[in-house]
Amino acid sequence: MKAAFRNAYCFTLSRYSINPNPTILHLVPAISTFPSLPSSVFKNPPFRSPVTATLCSTSMASGDSDAPQTSPSLEKQFEKFRVQLEDSGSLRERIRAVVLEIESATRLMQASLLLVHQSKPIPEVLEKAKTQINVLKDLFNKLAEVVRECPGQYYRYHGDWRTETQMVVSLLAFMHWLETGTLLMHTEAEEKLGLNDSDFGLDVEDYLVGICFMSNEMPRYVVNQVTAGDYDCPRKVLKFLTDLHAAFRMLNLRNDFLRKKFDTMKYDLRRVEEVYYDVKIRGLATSGDSVEDQGTQGQP
């Protein structure tokens, strides 16, 4: 009787103790050997420490009162950022709409100028291409009005129309050379596009890149003109490109896109030199070449 009572007592300790002694547990017999124990012993809820119960009740009582709250100054700052980003996105959409119109007018001008490589009369080609100059001027004025809504933000949005401006400058410069045989100056390009305002002008790098694009058309023009029987064209183009290349040499260009475009100019110059050499050695060049023009051969 005493042994059975001792075993039941040890079992009860192992059931309710936080850290039961493992040396006592091996004395506990199987549960099935104690049919006399009440079933309530096995249905009691697991033990909970009073300290744990107190912490849980305290946390539940506090509710969401300890949740982090957004600082009013932080919320005000990001609300300001949200408004600025939405305004900037809206402005970019308006700029892009005008730029698409500039692209369309530029394509029409370029398509007209391509006829010059088919030996079409230059006055006829230029007359058709010039009809787009006034269109481009109005579009650039429209673009300037949009950008002026954000004073001092010219270079923030400048990349949205940079490529289109460079292409326009190259076409205007090529047209100017076909008409006069000289280089289109920066001020003249601004005047043609109506960009004389200090708040919205023609960026110098855009002008220079446009001139480099224009030089890329020269070798093709020379080859087509010689094919058409104009053997004096290589001499004139060689003189022009040599002077232009020498002028670019005065600039201390960084290793950027403008420098890469300038490096292509020397290949344009070399191709024109080769055409001029072929024409000269075959005796097809005019005999009126001046000493100055002949001296352009061999220049870098």
Asn224 side chain near Arg220 side chain, heavy-atom distance below 4.5 Å: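 Result yes, sub-4.5 Å side-chain heavy-atom pair found.
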Hey, does Arg235 have a side-chain heavy atom less than 4.5 Å from the side chain of Lys280?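 No, their side chains stay 4.5 Å or more apart.
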With a 4.0 Å cut-off, would you call [X] and [Y] a salt bridge?
X: Arg96; Y: Glu103; result: yes
X: Glu145; Y: Arg148; result: no
X: Lys142; Y: Asp138; result: no
X: Arg254; Y: Glu205; result: yes

Side-chain heavy atoms under 4.5 angstrom apart, residues restricted to Ile, Leu, Val, Met, Phe, Trp, Tyr: same cluster for [X] and [Y]?
X: Tyr155; Y: Val146; value: yes
X: Leu108; Y: Leu113; value: no
X: Phe81; Y: Leu74; value: yes
X: Val204; Y: Trp161; value: yes
X: Val223; Y: Trp177; value: yes

Angle class for the Phe262/His245 ring planes (parallel below 30°, perpendicular above 60°, tilted otherwise)?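 Plane angle under 30°, so parallel.
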Under a 3.5 Å cutoff, is there a donor and acceptor pairing between the side chains of Tyr207 and Thr165?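 Side-chain D/A pair, Tyr207 to Thr165: absent.
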Pair Asp203-Tyr154, side-chain donor/acceptor within less than 3.5 Å: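 No, no side-chain donor-acceptor pair sits under 3.5 Å.
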Run the side-chain contact (heavy atoms from CB on, under 4.5 Å) test on Leu91 and Tyr157 for me, step by step, so that the C-alpha distance in whole Å, both residues' side-chain angles and the decisive distance to 0.1 Å come before the verdict. CA-CA 9 Å; Leu91 185 63; Tyr157 303 100; 3.6 Å; yes
Considering only distance and modelled atom types, tabulate donor-acceptor pairs under 3.5 Å from the side chains of residues 121-137, sequence neighbours left out.
{"from": "Lys130", "atom 1": "NZ", "to": "Glu179", "atom 2": "OE1", "distance (Å)": "3.3"}
{"from": "Lys130", "atom 1": "NZ", "to": "Glu179", "atom 2": "OE2", "distance (Å)": "2.9"}
{"from": "Thr131", "atom 1": "OG1", "to": "Lys128", "atom 2": "O", "distance (Å)": "2.6"}

With side-chain contact (heavy atoms from CB on, under 4.5 Å) as the test, would you mind laying out the steps for Glu273 and Leu238 before giving the verdict? CA-CA 7 Å; Glu273 284 178 339; Leu238 179 61; 3.3 Å; yes
For the atom pair [atom1] ([X]) and [atom2] ([Y]), what is the distance rounded to the nearest 0.5 Å?
X: Leu143; Y: Glu164; atom1: CG; atom2: CD; value: 9.5 Å
X: Glu188; Y: Leu193; atom1: CD; atom2: CG; value: 12.0 Å
X: Leu202; Y: His186; atom1: CG; atom2: NE2; value: 4.0 Å
X: Leu269; Y: Leu244; atom1: CG; atom2: CG; value: 9.5 Å
X: Asn216; Y: Arg271; atom1: CG; atom2: CZ; value: 9.0 Å
X: Phe248; Y: Asp243; atom1: CZ; atom2: CG; value: 13.0 Å

Looking at every non-hydrogen atom in both residues, tell me the closest pair between [X] and [Y] and how far apart they are.
X: Ala189; Y: Leu184; result: CB-CD2, 3.9 Å
X: Val226; Y: Pro234; result: CG2-CG, 3.4 Å
X: Arg92; Y: Asp160; result: NH1-OD2, 2.8 Å
X: Phe240; Y: Leu183; result: CE1-N, 3.7 Å

Taking only residues two or more places apart in sequence, or in another chain, which ones meet Asp230 in a side chain to side chain contact (heavy atoms under 4.5 Å, CB included)?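 Side chain to side chain contact (heavy atoms under 4.5 Å, CB included) check on Asp230 returns Gln225, Asp232, Cys233.
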Could you walk me through whether Val147 and Gln153 pass the side-chain contact (heavy atoms from CB on, under 4.5 Å) test, one step at a time? CA-CA 7 Å; Val147 177; Gln153 300 293 321; 5.9 Å; no
Other residues, nucleotides and ligands only: do more than 12 of their heavy atoms fall within 6.0 Å of CD on Glu191?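 Count not over threshold, so no.
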CZ/Arg270: more than 12 non-hydrogen atoms of other groups inside 6.0 Å: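 Incorrect, the count does not exceed 12.
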Exercise answer: donor-acceptor pairs, residues 166-174 side-chain atoms, under 3.5 Å, sequence neighbours excluded:
{"from": "Gln166", "atom 1": "NE2", "to": "Asp206", "atom 2": "OD1", "distance (Å)": "3.2"}
{"from": "Ser170", "atom 1": "OG", "to": "Met167", "atom 2": "O", "distance (Å)": "2.6"}

Okay, side chain of [X], backbone of [Y]: is any donor-acceptor separation there less than 3.5 Å?
X: Ser215; Y: Cys212; answer: yes
X: Ser88; Y: Gln84; answer: no
X: Ser104; Y: Leu100; answer: no

Output, in order, the C-alpha distance, side-chain angles, deciding distance and verdict of side-chain contact (heavy atoms from CB on, under 4.5 Å) for Val116 and Tyr221. CA-CA 8 Å; Val116 78; Tyr221 176 75; 3.8 Å; yes
May I have the step-by-step check of salt bridge (charged side-chain N to carboxylate O under 4.0 Å, His left out) for Asp256 and Lys260, ending in yes or no? CA-CA 6 Å; Asp256 55 5; Lys260 293 178 182 178; over 6 Å; no
